[in-house]
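Quick note: numbers below take in every heavy atom, side chains included, and nothing from hydrogens, waters or symmetry partners.
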Amino acid sequence: MIDLSDLILHMPFTENTFCEALQQKSAAKTLEAYGKCFTNIQREVCTVILKGRRWMELSMEEQRAYVMRLLDALEVTDRDKRLKVARAILYLAQGVFDECDTETDVLYWSRHNVFLLYDMGIFTALLELLSMEIDNNQACSSAVRKPAISLADSTELRVLLSIMYLMVETIRVEMEGDSPERKAAREAFKTDGWLLTMNAPHFPMKKVLLLLWKTILFTLGGFEELQEMKVRMRELLNLPPLPEDSIKVVRNMRAASPPASAMELIEQQQQQKRGRRSRRPLVKQDSLDTYNERDPFKNDDARDEEDDPEDVDSGIEGEVDPLDRDVIIQPPPPPPPLRPPTERVSFPKGLPWAPKVREKDIEHFLETISDQFSSAPTSKAKTDSINILADVLPEEMPITVLQSMKLGIDVNRHKEIIVKAISALLLLLLKHFKLNHIYQFEYVAQHLVFANCIPLILKFFNQNIMSYISAKNSICALDYPHCVVHEMPELTAESLEAGDSNQFCWRNLFSCINLLRILNKITKWKHSRTMMLVVFKSAPILKRALKVKQAMMQLYVLKLLKIQTKYLGRQWRKSNMKTMSAIYQKVRHRLNDDWAYGNDIDARPWDFQAEECALRECIEKFNTRRYDKNQNTEFTPVDNCLQSVLGQRVDLPEDFHYSYEMWLEREVFSQPIQWEGLLQAQ
């Protein structure tokens, strides 16, 4: 299936052909007014493209002629006319949904039109327009001067990026019924190099990240292509084949029940003392845990669980809860004998005098301790240096409760998509770099470490992860193409609060797994980075992530716990035996793998700067040898390309130009060439 959900979901707040016009119409304050605006603008765009005719009724030659007219109109100097033509192209790429009756028809015509647009050279024209927008310093400076950047500052950029995303994602996905012409177009499109640099404040970062992710996924290949490349590379290097595919093995694994938290153990102990029967809710659960009946947005597990004991009753699935057995309820003990009332002496809490510590001294002390103990930051949001909401906030803020709720849902969904795109993009690049050359992987990984990637990921997981996994930041009635084919129902505040019927969000689960895999890749076999996990107190944060009953996510959490177990101390290992058992059952082990024991050699003091500097020195030597222009001739690779050699610039002496004809006569024309000898040498 083509992944269009993250780009063209929720029509009133995203980048489709009609959304900007809807937001600019002040009269469209209700859903009924939205529907009227949809119909009017549909007719307007259809009139511009087809002059009253239906797109489906045109022949292939007529469709190509109309696309050619649009391509010529993209070169006009008038910005408004150019934007109108770009919207018409976007309408074609979205499947001319005004003429379709079903969602299947919309997807069919979208695929048909995308291949037609690529064949007519629309993508190249879009690249040129996008380059013009990137170099538009006036728009950038005007956006910087504004107090708040909104959708109106990136209208043309969003339309162009939406068309490009639709074309990349549609051409990338291969269907069974694709013709040989479409397969050839896919291979030709894959070899085109057209990445651009976009870093202005008014750029729609969500669309930029999605387009970049899908581009790399298309050109370099996904995880399945990576596995095939690994097999081929090992065959070329005469290495033994891979024993298994890790992803396929994880898909067949069964999720383990998470260890009980300290609060649940305390409740059990209290119930045992009272002699009551109860069942613990975490012994047997569904495919994914639903969040607790308590407030889902309250991080009630944010306490430090490093020393929380895991009772023998809180173990892996399949064990019988002792609370399920028959319990003999004893009669209550007799009340204690009454004592004569005595005067209770109250002692003051703390010292009897007021402290003489200034607030400035306390702040200085906290800053010093924070710097000394390189710990995981809190989940409190801070001021963002990049305006990630530039392509989601409307020019006029909502004035009703319903509009505010819809905007709030779309903002949360917007952030989730950005996390998904960034995590998938980084993981894909790390895996491809590692397969290509280990120092390319180490170069990117070290940049991530220096950019505080480790504490940032831990900060992400230092939240109520069950609430994040089960978030419902979507409105089914506004999903594309459902919203343009079916009648739009009346939305109320109650329906928006209810959300959809899914118990969890696959997008957020995908992001969490990607971030855990990134953290595994940059810390694996690195002693100093593993000690960073210990110093940042990642163990209780990762333990809380085990509450998500999904096998792949649990596997990478257990891997991160395994590499730091020997540094957490004997008391932690004794108190977390169920986690230790899960590591034994789920994670791959090596010969003489003493991960569960703290050896003196492995527990030595660590020097982060020394290890990272040594690695950086090796990386710089590799980059100098491979990519530096002024490199040593000893390591210069041999250029076997004839066109490249002939195109090189050679410095010749000044007198050579005067004696060139004499040299040519002496060295070339006067010398006999033994053609037969050359043929025999071949």
Side-chain angles (χ1 to χ4, degrees), residues 195 197 199 209 212-213 216-217 220 223 226 229-230 233 370-377 385-386 418-419 421-462 511-539 541-542 556-557 559-564 566-567 602 604-632 635:
L195 290 180
T197 303
N199 55 0
L209 291 171
L212 182 60
W213 170 35
I216 295 179
L217 189 65
L220 299 182
F223 294 151
L226 267 170
M229 293 168 63
K230 286 182 181 179
M233 292 295 292
S370 177
D371 295 337
Q372 185 177 0
F373 304 99
S374 74
S375 57
S385 58
I386 300 177
I418 289 179
V419 175
I422 293 176
S423 61
L425 179 61
L426 288 177
L427 180 61
L428 196 62
L429 286 176
L430 287 174
K431 292 182 72 68
H432 276 287
F433 284 142
K434 191 173 184 179
L435 180 62
N436 192 47
H437 200 286
I438 186 62
Y439 277 137
Q440 294 178 350
F441 164 79
E442 295 292 354
Y443 179 75
V444 178
Q446 193 172 66
H447 272 288
L448 291 175
V449 173
F450 290 163
N452 293 327
C453 180
I454 295 178
L456 186 62
I457 294 179
L458 293 178
K459 174 185 176 181
F460 176 84
F461 283 98
N462 192 22
S511 303
C512 291
I513 295 176
N514 289 341
L515 292 174
L516 289 171
R517 296 183 69 179
I518 293 171
L519 196 57
N520 269 282
K521 283 192 172 298
I522 63 179
T523 57
K524 188 176 182 181
W525 306 115
K526 300 292 189 300
H527 177 70
S528 60
R529 299 176 188 176
T530 302
M531 291 303 299
M532 290 178 65
L533 295 177
V534 179
V535 172
F536 292 147
K537 299 184 181 299
S538 64
I541 298 175
L542 295 172
Y556 291 105
V557 171
K559 281 186 174 183
L560 289 169
L561 289 173
K562 178 191 172 186
I563 62 177
Q564 58 177 316
K566 64 173 67 176
Y567 309 111
D602 294 329
R604 64 190 184 277
W606 58 287
D607 189 354
F608 173 80
Q609 292 184 354
E611 295 185 14
E612 294 296 335
C613 288
L615 178 60
R616 188 172 186 176
E617 183 180 359
C618 297
I619 294 173
E620 289 180 352
K621 289 182 179 179
F622 167 76
N623 291 336
T624 302
R625 187 172 66 248
R626 288 294 186 93
Y627 307 114
D628 193 3
K629 294 182 179 179
N630 300 323
Q631 54 189 347
N632 192 350
F635 299 103

Enquirer: In Å and rounded to the nearest 0.5 Å, what is the CG to NZ distance from N520 to K562?
Expert: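 If I round to the nearest 0.5 Å, the distance is 11.0 Å.
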Enquirer: Given side chains that start at C-beta, do those of F461 and L542 come closer than 4.5 Å, heavy atoms only?
Expert: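 A side-chain contact under 4.5 Å is absent here.
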Enquirer: Got a donor-acceptor contact below 3.5 angstrom from the R529 side chain to the K524 backbone?
Expert: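 Not at all, since once roles are kept as given, no pair shorter than 3.5 Å links the two residues.
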Enquirer: Specify the closest pair of heavy atoms between I563 and L560, including all atoms of both residues, with the distance to one decimal.
Expert: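 Taking every non-hydrogen atom into account, CG1-O, 3.3 Å.
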Enquirer: Sub-3.5 Å donor-acceptor pair from the side chain of E611 to the main-chain atoms of S528, do we have one?
Expert: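 Answer holds: yes.
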Enquirer: Looking at I422, L429, I454, I457, which hits side-chain contact (heavy atoms from CB on, under 4.5 Å) with I518?
Expert: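 Considering I422, L429, I454, I457, a side-chain contact (heavy atoms from CB on, under 4.5 Å) with I518 is found only for I457.
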Enquirer: For E620, enumerate each residue passing the side-chain contact (heavy atoms from CB on, under 4.5 Å) test, keeping only those at least two apart in sequence or located in another chain.
Expert: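 Partners of E620 by the side-chain contact (heavy atoms from CB on, under 4.5 Å) criterion, ordered by chain and then number, come out as R616.
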Enquirer: Heavy atoms only: give me the nearest L430-A445 pair and the separation to one decimal.
Expert: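 L430 and A445 have their closest heavy atoms at CD2-N, 4.3 Å.
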Enquirer: Would you please indicate yes or no on a ring centroid separation below 6.0 angstrom for F223 and H432?
Expert: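 Ring centres of F223 and H432 not closer than 6.0 Å.
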Enquirer: Any idea which heavy atoms bring L515 and S423 closest together, and the distance?
Expert: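 Looking at all heavy atoms of both residues, the closest pair is CD2-CB, 3.9 Å.
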Enquirer: Looking at CG of L427 and CG of L519, how far apart are the two atoms once the value is rounded to the nearest 0.5 Å?
Expert: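 So the CG of L427 and the CG of L519 are separated by 12.0 Å.
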Enquirer: Just do the side chain to side chain contact (heavy atoms under 4.5 Å, CB included) check on Y567 and H527 with the steps written out, would you?
Expert: CA-CA 11 Å; Y567 309 111; H527 177 70; 3.2 Å; yes
Enquirer: Tell me, with the steps shown, if H437 and R626 meet side chain to side chain contact (heavy atoms under 4.5 Å, CB included).
Expert: CA-CA 11 Å; H437 200 286; R626 288 294 186 93; 4.1 Å; yes
Enquirer: Can you list every side chain to side chain donor-acceptor pair (under 3.5 Å) pair that touches residues 441-456, not counting sequence neighbours?
Expert: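 Listed by first then second residue: E442-K526, Y443-H447, Q446-E612.
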Enquirer: Tell me if the centroids of the rings in F622 and Y439 come within less than 6.0 Å of each other.
Expert: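 Yes, close enough.
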Enquirer: Rounded to the nearest 0.5 Å, how far does CG of L428 lie from CD1 of I216?
Expert: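 Interatomic distance, I216 CD1 to L428 CG, rounded to 0.5 Å: 6.5 Å.
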Enquirer: For K521 versus F441, what's the shortest heavy-atom pair and its separation?
Expert: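 In this case the closest contact between K521 and F441 is O-CZ, 3.5 Å.
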Enquirer: CZ/R625 to CG/N623 distance, rounded to the nearest 0.5 angstrom?
Expert: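 Between R625 CZ and N623 CG, I get 9.5 Å after rounding to 0.5 Å.
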Enquirer: Just wondering, more than 12 heavy atoms not from Y556 lying within 6.0 Å of its OH?
Expert: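 Enclosed.
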Enquirer: For K230, check side-chain contact (heavy atoms from CB on, under 4.5 Å) against everything at least two apart and list the hits.
Expert: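 Scan of K230 (side-chain contact (heavy atoms from CB on, under 4.5 Å), adjacent residues dropped) gives Q227, L242, K431, L435.
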Enquirer: Mind checking the SG-CZ spacing from C512 to R517? Nearest 0.5 Å is all I need.
Expert: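 So the SG of C512 and the CZ of R517 are separated by 14.0 Å.
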Enquirer: Measuring from L226:CG to M233:CE, what's the distance to the nearest 0.5 Å?
Expert: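 One finds 11.5 Å between CG of L226 and CE of M233.
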Enquirer: If you compare all heavy atoms of V419 against all heavy atoms of F460, which two are closest, and at what distance to 0.1 Å?
Expert: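 It is CG1-CE1, 4.1 Å.
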Enquirer: Check L458 against S538 and note the closest heavy-atom contact, atom names and distance.
Expert: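 Scanning both residues, the minimum pair turns out to be CD2-CB, 3.6 Å.
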